[in-house]
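Computed from a predicted structure; not experimentally measured.
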Amino acid sequence: MARRHTCPYCYESFAPREIRFRCNSRLSRTGKQCARRRDQLLDERMGPRRSHDLGPDFAADGRKPTAVCPDCDGETTYRICPVCHSELPVQFGRVDNRLIAMVGAKASGKTVYMTVLLHEVRNRIGEAFGAALMGLDDATMRRYSTDYEDRLYRDNQLFPGTQTASTNLNRVEPLVFRFSLRRRTLLGERPQHTVLSFFDTAGEDFSSKESVELNTRYLTNADGIILLLDPLQMTGARDGALPGTPLPGTTGFDAPVNVLSRVTNMLLAGGSTQKIDVPVAVVFSKMDAFWHLLDGASPLRDYAPARDRFDVGDSLSVHEEVRRLLKDWDGVPIDQLLENHYTRYRYFGVSSLGRNPTPDARIAATGIQPYRVADPLLWLLSEFGSVPKAGRG
C-alpha cells in the first residue's frame, strides 16, 4: 500500500498525489494574474488563519514541490491539504511528520502542561540536546506567544478550561512546530527535522456523540498520545496530598480510569483485535503535591539526567515508581487496562508549576519551577527515532 500522509491541522489522511496547490496570486511571467478570492472563504473548519488574501486552489501532482496555476501560468510552491485546505508546512512529506494528541480529563492541567512543555523544549531542553523548536505558521507563533506563553510566564495567570473540539465557532486548532536536531552520521553532522502537531482536546469531548467522530480521527491518526491524568482526581491519592493543595471535584465520569477507557475505546474503533501499538505516555500531573510522601531515593525526587540523549534507565525507574504509587492510589485498574490493551506505554510523573497556584488562579510568587515536564515528549521522540537514546528498553 502506498504511503499516505496526515494533515497536521485536520488529521485527515491522503495520498501524496492528492495534495493540492494554491496560486500565489502574483503576476506571472506571461503577465496574467489570478483574481484574489476574498469572498471564497472556506468552510468553518479552516478558521481565520487561512481566510484572507487567498488565491484560487487547483489540483496538480502533490508529490512535486511546485505546480503551475492553470489560470495565470504562474508557478507556486503553496501546497495545501486536499480536505481542510490548510497550507501545509514547508517540506511536508519530505521530513518526519509526527502528530501528537494531548488528552486528559477536565482540570487535569493539560493547557498549563503543554505551555510549559513547549517553553522548556525551546529553552532548557533545546540547549541540552542542541535542538530548536519553531512555529510552522503565523497562527501557531501568534497563538502560542500571546495566548499561552505570555499569559503564563509574563502575566502569571492560569487558563480557563479547554473549549470542546465539537464547538465549531472559534475552534482551537492544533499548534504545529518543527523540531530540529543535529545528528552525527557517517557523512558528518546533519540536521534532522520533525514536524510536531499538538492537539489539546478536552476530556468532556469524549462524552458527546457529535464529537466522537472528530476525536476518534485525531486519536487514531496520531503517532503518539500524551494522556494527562490528575492523581488528585483519584480517591486513593487525595488524602495524602500536601495540606493546602486545591482539590478538583471528583466524578466517576472524569476518573482517570474512565478517561483512559474512553481513549482506549476510540483507538480500538478501527476494528483491530490486536493490542494498540501507538505509543502512549501516561503522565500523572501535579506531583509536587506528593513529594513529601516519597523516599529520598525515589527517582521522582530527582531531576532527569542532564545530557543530550533520552536516558532509558532513568525513565524506566520513574515508570516503576509510578506503578508502585498506583497501588497506593487504588489505581491498579489503570495498570491492568494498559497492560492488556497497549504494546507501548510508559508512566511519567511531572509538575508543570512546581507548587500550588494562588487561590486567585495566579502563579506563586516563586515563579514557574517545572519538574520533568519534557520527559514524556522526549520518550515519544525517542520511540520515533527523532532523538537518540542512552541505554536500552
Do side-chain atoms of [X] reach the backbone of [Y] as a donor and acceptor pair under 3.5 angstrom?
{"X": "Asp311", "Y": "Ala390", "answer": "no"}
{"X": "Glu12", "Y": "Cys81", "answer": "no"}
{"X": "Arg79", "Y": "Gly62", "answer": "yes"}
{"X": "Arg143", "Y": "Tyr148", "answer": "no"}
{"X": "Arg151", "Y": "Asn156", "answer": "no"}
{"X": "Arg22", "Y": "Ile80", "answer": "no"}
{"X": "Asn221", "Y": "Tyr11", "answer": "yes"}
{"X": "Asp335", "Y": "Arg323", "answer": "no"}
{"X": "Ser285", "Y": "Ser108", "answer": "yes"}
{"X": "His193", "Y": "Arg94", "answer": "no"}

*Would you call the rings of Phe177 and Tyr144 parallel, tilted or perpendicular, where under 30° means parallel and over 60° means perpendicular?*
perpendicular

*Linking I/L/V/M/F/W/Y whenever their side-chain heavy atoms sit closer than 4.5 Å, directly or via other members, would Leu353 and Phe159 fall into one cluster?*
yes

*With a 4.5 Å heavy-atom cut-off, do Val83 and Tyr9 have their side chains touching?*
no

Looking at every heavy atom in both [X] and [Y], which two are closest together, and how far apart are they?
{"X": "Pro376", "Y": "Arg372", "result": "CD-O, 3.8 Å"}
{"X": "Leu99", "Y": "Ser197", "result": "CD2-CB, 3.5 Å"}
{"X": "Ser382", "Y": "Lys389", "result": "O-CE, 3.5 Å"}
{"X": "Leu232", "Y": "Ala289", "result": "CD2-CB, 4.5 Å"}
{"X": "Val278", "Y": "Ala222", "result": "CG2-O, 3.7 Å"}
{"X": "Pro357", "Y": "Leu158", "result": "CB-CD1, 3.7 Å"}

*Cluster companions of Leu88 among Ile, Leu, Val, Met, Phe, Trp, Tyr (side-chain spacing under 4.5 Å)*: Phe14, Ile19, Phe92

Can you name the residues that form a side-chain contact (heavy atoms from CB on, under 4.5 Å) with [X], not counting sequence neighbours?
{"X": "Asp360", "result": "Thr358, Arg362"}
{"X": "Asp277", "result": "Thr343, Arg344"}
{"X": "His341", "result": "Thr264, Leu268, Leu337"}
{"X": "Val90", "result": "Arg178"}

With sequence neighbours excluded, what pairs up with [X] under the side-chain hydrogen bond (donor to acceptor under 3.5 Å, both in side chains) test?
{"X": "Asp96", "answer": "none"}
{"X": "Ser145", "answer": "none"}
{"X": "Arg355", "answer": "Thr366"}
{"X": "Thr66", "answer": "none"}

*For Asp328, what residues pass the salt bridge (Lys or Arg N to Asp or Glu O under 4.0 Å) criterion, not counting sequence neighbours?*
Arg324

_Residue pairs fulfilling salt bridge (Lys or Arg N to Asp or Glu O under 4.0 Å) with at least one residue in residues 287-300, sequence neighbours excluded_ = none

*Do any pairs count as a salt bridge (Lys or Arg N to Asp or Glu O under 4.0 Å) and have a residue in residues 117-132, sequence neighbours left out, and if so which ones?*
Glu120-Arg124

*Arg98 versus Ser386, side-chain donor and acceptor atoms under 3.5 Å*: no

_salt_bridge(Arg142, Asp138) N-O dist < 4.0 Å_ = no

*Val350 and side chain to side chain contact (heavy atoms under 4.5 Å, CB included): which partner among Tyr113, Tyr371, Phe284?*
Tyr113

*Between Glu321 and Tyr347, does a side-chain hydrogen bond (donor to acceptor under 3.5 Å, both in side chains) hold up when you go through it step by step?*
CA-CA 9 Å; Glu321 178 74 339; Tyr347 291 129; over 6 Å; no

